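Comments concern the structure below.
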Amino acid sequence: MQFRLREKLKYMFLGGLLTLAGFMFGSMSSETTAQFGYETIDKLTVGELIVRKDIRLMSDDMDPRVHISWDRNGGRVITYGPKGMGAASLLVAEGNGVVTTQGSKEKTGASLMVNEGGGVLSLFAPDGKARIVLGISEGDGVAYLVNKFDEARVLKP
């Protein structure tokens, strides 16, 4: 019985030395990285995808193309033109739906909003101010024009 115990202790001691050597050699190099950067996959098929943060689709040059985001109030989808210039967005928040377009200098060109009271279409000048607004207020149609001096002219039906 002593003979078997001595053999077992030798194997356990040898195993312990190998484990200690592996641990020491593994901790000597700090250059080991499990995962770093992005991985490019040419084609991916997914049956169901659950994402907890924003989704960003980028071009080969890493320029933004599509950005999907959300929070507790609603969600937004933005599409970008070449080199991230110009955009169109769709926003839903607190019962309102908004569609906007932006030019190359990130200034809104047009906006369409729908809420409980009706809808509003606004066209914007290069200075970022709404110049033509068509909408529904309290069941009646409303239209007004704004000139370069910020003077509004209401058109009555």
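The basis for the numbers below is simple: all heavy atoms, side chains too, and nothing from hydrogens, waters or symmetry mates. All figures in this text were calculated on a predicted structure; none of them were measured in a lab.
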Practice prompt. Verify the cluster assignment for Ile55 and Val77: are they in a single hydrophobic cluster under the rule of side-chain heavy atoms below 4.5 Å apart?
Written response: yes
Worksheet item: Between atom CE of Met113 and atom OG of Ser122, what is the distance when rounded to the nearest 0.5 Å?
Response: 7.5 Å
Item to complete: Examine Val46 and Ile41 and state if one hydrophobic cluster contains both, with Ile, Leu, Val, Met, Phe, Trp and Tyr joined whenever side-chain heavy atoms are less than 4.5 Å apart.
Response: yes
Practice prompt. Sequence neighbours left out, what passes side chain to side chain donor-acceptor pair (under 3.5 Å) with Thr100? Give chain and number order.
Written response: Ser89
Worksheet item: Rounded to the nearest 0.5 Å, how far does CZ of Arg76 lie from CG of Leu90?
Response: 9.5 Å
Practice prompt. Quick one: list whatever passes side-chain contact (heavy atoms from CB on, under 4.5 Å) with Ile132, sequence neighbours left out.
Written response: Leu123, Leu145
Discussion item. To the closest 0.5 Å, what do you measure between CD1 (Ile68) and CD1 (Ile78)?
Written reply: 10.5 Å
Discussion item. I'd like to check Trp70 versus Val51 (side-chain heavy atoms, cut-off strictly below 4.5 Å). Are they in contact?
Written reply: yes
Response to the item:
Value for CZ (Arg131) from CZ (Phe124), rounded to nearest 0.5 Å, stands at 11.0 Å
Item to complete: Sequence neighbours left out, what passes side chain to side chain donor-acceptor pair (under 3.5 Å) with Asp54? Give chain and number order.
Response: His67
Discussion item. Count I, L, V, M, F, W, Y as connected when their side-chain heavy atoms are under 4.5 Å apart, and connections chain through other members. Are Val120 and Tyr144 then in the same cluster?
Written reply: yes
Worksheet item: Do the non-hydrogen side-chain atoms of Val133 and Leu121 ever get within less than 4.5 Å of each other?
Response: no
Fill in: Euclidean distance, Asp60 CG relative to Arg65 CZ, rounded to 0.5 Å
9.0 Å
Practice prompt. Flag yes if Leu9 and Leu17 sit in one hydrophobic cluster, no otherwise; membership is Ile, Leu, Val, Met, Phe, Trp, Tyr, and two members link when side-chain heavy atoms are under 4.5 Å apart.
Written response: no
Discussion item. Given 3.5 Å as the limit, does a donor-acceptor pair link the side chain of Ser59 with the main chain of Asp61, or not?
Written reply: yes
Worksheet item: When clusters are formed by joining ILVMFWY residues with side-chain heavy atoms under 4.5 Å apart, either directly or through shared neighbours, do Leu49 and Leu57 land in the same one?
Response: yes
Discussion item. To the closest 0.5 Å, what do you measure between CZ (Arg56) and OH (Tyr80)?
Written reply: 7.0 Å
